[in-house]
Amino acid sequence: MNRLQNKVAIITGGSSGIGLATAKEFLVQGATVLITGRNQDALDQLTAELGEKAFGLVWDASLPGNSSHLSDFVQANFDSIDILFVNAGVAKFAPFEKMTEAIFDESVNTNVKGAYFTIQALVPFFKNGGSIILNTSINAHVGAPSASVYAATKGALLTMAKNLSTELISRHIRVNAISPGPVDTSLHSAAKLGISDQQLSQMNQGIIQAVPLGRFGRPEEIAKVALFFASDDSSFVVGAELIVDGGMSMG
Ligand SMILES: NC(=O)c1ccc[n+]([C@@H]2O[C@H](COP(=O)([O-])OP(=O)(O)OC[C@H]3O[C@@H](n4cnc5c(N)ncnc54)[C@H](OP(=O)(O)O)[C@@H]3O)[C@@H](O)[C@H]2O)c1
């Protein structure tokens, strides 16, 4: 408890799944937390549930030039920030032959470009000694059918974490990456992945067989790792990646 006392954390894509679980964990640890998402009603309901130290902002990471909308809100509401969890992301799967430019652009604009310019817009608000955490994916390491575009965006994000570390360490901002394996969130729905129910069922069976622990991870298990990177427990950890995949990439 209180590992993030008096800290201000921004969590992009904090309206569900891993981002929401992380917001809850950070709040329990004493932080003030801003979560973003694209649905006002959902954010209003969540912030009411999460309490007075939770803020919500409707913001779309994929829109060009939209990072200033986020930085304007930060400037208006906080003196400075300590933690940024770059988590907002989409996972759209399609076989190589059927991949469309629309999916490619949405994926890159959200997962890569949006992430990059979010960091650029928010770094000026950091005190020295802050922590930036990028949520990548095991798909940056492990090949999977229909995942080529998603995997490419997460590979880019992972490389970004390592390279930005070298530039931001002069301001004592530590940049690290979490690469989750399959986690049980709404991202794993047929609608969000852009596949049929039958394909989802086949995919889920394959995933469970490929994970030595024999199950999906829980969002709270990723949140605990985000807490490690966000807190002073990781004060000497810079440019690192922690793979949290139930052993999926072990073999
Ligand atoms: N679940 C997994 O197995 C898994 C594994 C590895 C990595 N990840 C990564 O973990 C992150 C969170 O995913 P999740 O599993 O927690 O899925 P999720 O429940 O679908 O959450 C995704 C979050 O991202 C937000 N988001 C999506 N597109 C956005 C955009 N254009 N602008 C702003 N926010 C946007 C969503 O907000 P709204 O929809 O409310 O706008 C939501 O809060 C993603 O980056 C994902 O790639 C997930």
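Just so you know, ligand 1 is whichever comes first in the structure, and atom 1 is the first atom listed for that ligand.
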Problem set entry | Pair Leu34-Asn77, side chain to side chain contact (heavy atoms under 4.5 Å, CB included): steps then yes or no | CA-CA 10 Å; Leu34 168 64; Asn77 288 280; over 6 Å; no
For this session: Show the numbers, then the answer: is there a side chain to side chain donor-acceptor pair (under 3.5 Å) between Asn111 and Thr153?
Result: CA-CA 6 Å; Asn111 298 0; Thr153 65; 3.1 Å; yes
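Each of Val175, Leu134, Ile133 was evaluated against Phe229; a single residue qualifies, Ile133, per the side chain to side chain contact (heavy atoms under 4.5 Å, CB included) test.
For atom 40 (O) of ligand 1, the choice among Gly37, Ser62, Ser15 with the nearest heavy atom turns out to be Ser15. For atom 14 (P) of ligand 1, the candidate residues are Asp60, Thr185, Asp245; the nearest heavy-atom contact is made by Thr185. Nearest to atom 5 (C) of ligand 1 by heavy-atom distance, out of Gly181, Gly217, Ala91, is Gly181. The option from Asn135, Thr153, Asn87, Asp184 that lies nearest to atom 44 (C) of ligand 1, judged by heavy atoms, is Asn87.
The protein heavy-atom contact nearest to atom 39 (O) of ligand 1 is Arg38 NH2, 3.0 Å. For atom 25 (C) of ligand 1, the nearest protein heavy atom (residue, atom name, distance) is Gly13 CA, 3.6 Å. Of the protein's heavy atoms, Tyr150 OH, 3.6 Å lies nearest to atom 46 (C) of ligand 1. Of the protein's non-hydrogen atoms, the one nearest atom 19 (O) of ligand 1 is Ser16 OG, 2.8 Å. In this structure, the protein non-hydrogen atom closest to atom 34 (N) of ligand 1 is Ala88 CB, 3.5 Å. For atom 33 (C) of ligand 1, the closest non-hydrogen atom of the protein is Trp59 O, 3.3 Å.
Within the structure, the closest approach of Phe216 to ligand 1 does not fall below 4.0 Å when heavy atoms are considered. The shortest separation from a heavy atom of Thr136 to ligand 1 is under 4.0 Å, placing the residue in contact. Heavy-atom separations between Glu106 and ligand 1 are all 4.0 Å or longer.
For Glu221 and Arg215, the salt-bridge test passes: some basic side-chain N is under 4.0 Å from an acidic carboxylate O. Residues Asp233 and Arg3 are paired through a salt bridge, judged by an N-O separation under 4.0 Å between the basic side chain and the carboxylate.
In the displayed structure, Phe228 atom CZ is contacted under 6.0 Å by more than 12 heavy atoms of other residues, nucleotides or ligands.
At a cut-off of 3.5 Å, with distance as the only test, no side-chain donor of Asn163 or Glu167 sits close to an acceptor on the other residue. Side chains of Ser165 and Arg174: a donor-acceptor N/O pair is absent below 3.5 angstrom, by distance only.
Ligand 1 places these atoms under 4.0 Å from at least one heavy atom of Gly14: 43 (O). Of all the atoms in ligand 1, the ones that sit under 4.0 Å from a non-hydrogen atom of Pro182 are 3 (O). Atoms of ligand 1 lying under 4.0 Å from any heavy atom of Gly17, numbered from 1 in the order shown and given with element: 16 (O), 19 (O). For ligand 1, the atoms sitting less than 4.0 Å from at least one non-hydrogen atom of Ser137 are 6 (C), 7 (C), numbered in the order shown with element in parentheses. Close approach of ligand 1 to Lys192 (heavy-atom distance below 4.0 Å) involves ligand atoms 18 (P), 20 (O).
Taking every heavy atom of both residues into account, Leu227 and Glu25 meet most closely at CD2-OE2, 3.5 Å.
Of the N or O atoms in Pro180, none lie within a sub-3.5 Å distance of an N or O in ligand 1. Polar contact check, Ile138 against ligand 1: no nitrogen or oxygen pair lies under 3.5 Å apart. Ligand 1 has an N or O atom lying under 3.5 Å from an N or O atom of Ser186, backbone or side chain. At a 3.5 angstrom cut-off on N or O pairs, Val90 does not count as close to ligand 1.
Taking the six-membered ring for Trp, Phe78 and Phe125 have ring centres at least 6.0 Å apart.
At a heavy-atom distance under 4.0 Å, only side-chain atoms of Thr110, from C-beta outward, approach ligand 1.
The aromatic rings of Phe216 and His188 stand perpendicular to each other, their planes meeting at an angle above 60°, with 30° marking the opposite boundary.
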